Amino acid sequence: MIHVLRDDPAFVNELDFVMEKDGRLIGQNMFMRTVINADDGREIPVLTMGPICITSELKRNGYGKKLLDYSLEKAAELGYGAVLFEGNIEFYGKSGFDYARKFGIRYHDLPEDADDSFFLCKELIPGYLGGVTGVYQTPKGYYVDDADVEAFDKAFPTKEKLKLPGQLF
Ligand SMILES: CC(C)(COP(=O)(O)OP(=O)(O)OC[C@H]1O[C@@H](n2cnc3c(N)ncnc32)[C@H](O)[C@@H]1OP(=O)(O)O)[C@@H](O)C(=O)NCCC(=O)NCCS
């Protein structure tokens, strides 16, 4: 997915980050532009973020939070108003994210009574979403085709697919 997103027109080149420790790549984070389709007909430009990750053996050492906070600071410096995405409040809540429903923003294609606690939001400009209600759209680039993923993976030495502790999804 990361491989595909970097060529997507919605990809934000200025917010494409890697984290290194002792010359070794240990994490990455990236952002995409998208919109909230506001109930009053406006399109509110926002950012979405991720995937963010820290190499497995260095998780829970504070690197993820450091990378996240740095990335958000840079996004704010570029003037972006808000960031919304799917994630775990246990991690992102520590960096100022809250449930998007509290801002009046709904997740696309989700039934009204469904659990939307995975859908998070942070304003980078305080009050940016004031007076806005509407539906957030995940950028199309995130919907990679499984067959394309399999084909891409074949270009690398074989690895066993695992779900590791700390993996949020
Ligand atoms: C999510 C991820 C980037 C977090 O990075 P990290 O370096 O492990 O996180 P940090 O050490 O900075 O965590 C800061 C705090 O967030 C919370 N936190 C982090 N990961 C958590 C988890 N899996 N469950 C609950 N709380 C978590 C903790 O309170 C933690 O502080 P503590 O370790 O003192 O308790 C990392 O676990 C990862 O790469 N996961 C796999 C990929 C992924 O799921 N990415 C997110 C997609 S939305």
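One-based numbering, in listed order, for ligands and for the atoms of each. Everything numeric here is computed off the predicted structure, so don't read it as measured data.
L47 and Y142 fall into different hydrophobic clusters, defined by Ile, Leu, Val, Met, Phe, Trp and Tyr side-chain heavy atoms under 4.5 Å apart, directly or through other members.
Looking at V18 and L25, their side chains come closer than 4.5 Å, going by heavy atoms from C-beta outward.
With sequence neighbours left out, Q28 forms a side chain to side chain donor-acceptor pair (under 3.5 Å) with no residue at all.
The distance criterion of under 3.5 Å between nitrogen or oxygen atoms is not met by C53 with respect to ligand 1. Inclusion of Y92 in the set of residues having an N or O under 3.5 Å from an N or O of ligand 1 is not warranted. At under 3.5 Å, not a single nitrogen or oxygen of E86, backbone or side chain, sits near a nitrogen or oxygen of ligand 1. The shortest N/O to N/O separation between L58 and ligand 1 does not fall below 3.5 Å. Between G87 and ligand 1, not a single N/O pair is under 3.5 Å apart. Close N/O approach between G64 and ligand 1 is found [any backbone or side-chain N/O within under 3.5 Å]. Considering backbone and side-chain atoms alike, R60 places an N or O below 3.5 Å from some N or O of ligand 1. Some N or O of K65 is nearer than 3.5 Å to an N or O of ligand 1, by distance alone.
Ring geometry for Y136 against H108 counts as tilted: the plane angle lies between 30° and 60°, on a 0 to 90° scale. The aromatic rings of F85 and F97 sit tilted relative to each other, their planes meeting at an angle between 30° and 60°.
No heavy atom of P51 sits closer than 4.0 Å to any atom of ligand 1.
With F31 as the fixed residue, the side-chain contact (heavy atoms from CB on, under 4.5 Å) test singles out one of N13, L5, L15: L15.
Near E90, the atoms of ligand 1 lying under 4.0 angstrom from a non-hydrogen atom of the residue are 16 (O), 17 (C), 25 (C), 26 (N).
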